[in-house]
Amino acid sequence: MKLYYTPGACSLAPHMAIREAGLSYDLEKVDLQAKTTESGSNYLEVNPKGYVPALQLDDGEVLTEAGVLLQYIADQVPGSGLAPAAGSTERYRLMELIHFISTELHKGFGPLFSPSVTDEAKQAQMELIKKRLAYLNDLLADRQWLMGQSFTVADCYLATVLSWAQHLKMDLSAWPNLAAYAGRVMSRPAILDTFKAEGLM
Ligand SMILES: N[C@@H](CCC(=O)N[C@@H](CS)C(=O)NCC(=O)O)C(=O)O
């Protein structure tokens, strides 16, 4: 499989998941402005939506949408614990978390990086994000990882979003469970290796 990615973007989440799963893979960097890849291809021919991530499977199929890629990757190694079995209630809990991170956090952070968004609008966005982080802080009060004792692909997604919070110099100390969680995530060798592989350390 080949992951199309841009360093530090949301493609970091499936990249972490691939490494956590121990799968072999190729990487191809995407220039999101030019919509080209590092090998000189037109990225719009890979993913007409024009954004990362995209995962090209060995049979040539291309999957898109971070939450789908995360689950596809986890399902390649069923014993890894990266996702509960498809069809189980626990799997729906995982999807609930992935959807929450995608719609309430991932997409919430986007405007904070945009030069065309006013400071006032960014401030309003930040207040919304803080509410969502407070929810996760409460969730993490009695558990090590988002789903409990097992690290899952939802944690790869949240780790990615938290890296943006840190990039924006948000002080996580207001949410101590989340701050401790961020430390735990960064102590995982596969996560650290992913940051290194994308040149982020
Ligand atoms: N719905 C997509 C959104 C992906 C997305 O927002 N990608 C951003 C980077 S984090 C991107 O490539 N933006 C460039 C663009 O939209 O042109 C998903 O969940 O994977």
Side-chain angles (χ1 to χ4, degrees), residues 1-21 23 25-57 61-76 82-83 91-117 121-122 125-126 128-129 132-133 136 146 152-170 182 185 191 194-201:
M1 61 176 75
K2 185 199 274 188
L3 177 68
Y4 289 87
Y5 81 110
T6 298
C10 49
S11 42
L12 186 60
H15 194 179
M16 288 173 182
I18 289 172
R19 284 187 170 253
E20 284 282 351
L23 295 167
Y25 67 107
D26 294 317
L27 269 182
E28 185 146 358
K29 200 189 289 188
V30 176
D31 179 335
L32 287 172
Q33 300 301 320
K35 306 293 180 203
T36 53
T37 75
E38 63 184 331
S39 68
S41 311
N42 176 359
Y43 183 57
L44 294 172
E45 285 174 8
V46 178
N47 180 8
K49 293 183 271 195
Y51 49 66
V52 290
L55 188 68
Q56 186 164 46
L57 311 183
E61 286 277 342
V62 175
L63 291 177
T64 61
E65 302 301 322
V68 171
L69 268 52
L70 287 170
Q71 293 181 70
Y72 175 83
I73 293 160
D75 288 341
Q76 300 315 297
L82 287 168
R91 181 59 170 259
Y92 287 99
R93 287 283 172 222
L94 178 82
M95 291 194 268
E96 189 178 26
L97 281 162
I98 288 174
H99 205 70
F100 175 80
I101 296 166
S102 175
T103 58
E104 301 296 330
L105 285 168
H106 173 182
K107 283 289 133 183
F109 268 93
L112 302 182
F113 292 105
S114 170
S116 61
V117 174
K122 281 182 182 164
Q125 191 62 30
M126 189 62 97
L128 200 57
I129 286 173
R132 306 307 182 228
L133 294 179
L136 290 176
L146 285 171
T152 67
V153 289
D155 296 297
C156 297
Y157 208 173
L158 182 55
T160 297
V161 169
L162 289 178
S163 76
W164 301 338
Q166 278 157 353
H167 182 76
L168 290 168
K169 310 238 180 306
M170 283 176 74
V185 168
I191 301 296
T194 313
F195 276 93
K196 286 181 194 154
E198 294 203 7
L200 304 171
M201 300 288 283

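Just so you know, ligand 1 is whichever comes first in the structure, and atom 1 is the first atom listed for that ligand. Heavy atoms only: backbone and side chains are in, while hydrogens, waters and symmetry mates are out.
Checked against side-chain contact (heavy atoms from CB on, under 4.5 Å), R91 has the following partners two or more places apart in sequence or in another chain: Q71, D75, A83, P84, A86, S88, L94, M95. With sequence neighbours excluded, the residues satisfying side-chain contact (heavy atoms from CB on, under 4.5 Å) with E96 are R93.
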List ligand 1's nitrogen or oxygen atoms that come under 3.5 Å of a protein nitrogen or oxygen, with the partner atom and distance.
{"from": "ligand 1", "atom 1": "1 (N)", "to": "E65", "atom 2": "OE1", "distance (Å)": "2.5"}
{"from": "ligand 1", "atom 1": "6 (O)", "to": "H106", "atom 2": "NE2", "distance (Å)": "3.3"}
{"from": "ligand 1", "atom 1": "6 (O)", "to": "K107", "atom 2": "NZ", "distance (Å)": "2.8"}
{"from": "ligand 1", "atom 1": "7 (N)", "to": "V52", "atom 2": "O", "distance (Å)": "2.9"}
{"from": "ligand 1", "atom 1": "12 (O)", "to": "V52", "atom 2": "N", "distance (Å)": "3.0"}
{"from": "ligand 1", "atom 1": "17 (O)", "to": "K35", "atom 2": "NZ", "distance (Å)": "2.7"}
{"from": "ligand 1", "atom 1": "19 (O)", "to": "E65", "atom 2": "OE1", "distance (Å)": "3.4"}
{"from": "ligand 1", "atom 1": "20 (O)", "to": "A66", "atom 2": "N", "distance (Å)": "2.9"}

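Residues in residues 34-44 take part in no salt bridge (Lys or Arg N to Asp or Glu O under 4.0 Å) pair, two or more places apart or across chains.
Of the candidates Y5, Y51, Y4, Y4 is the only one forming a ring pair (Phe, Tyr, Trp, His ring centres under 6.0 Å) with Y43.
Under the 30°/60° scheme for interplanar angles, the aromatic rings of H106 and Y157 are found to stand perpendicular.
Annotation for F113: atom CZ counts as buried by contact number, over 12 foreign heavy atoms lying within 6.0 Å.
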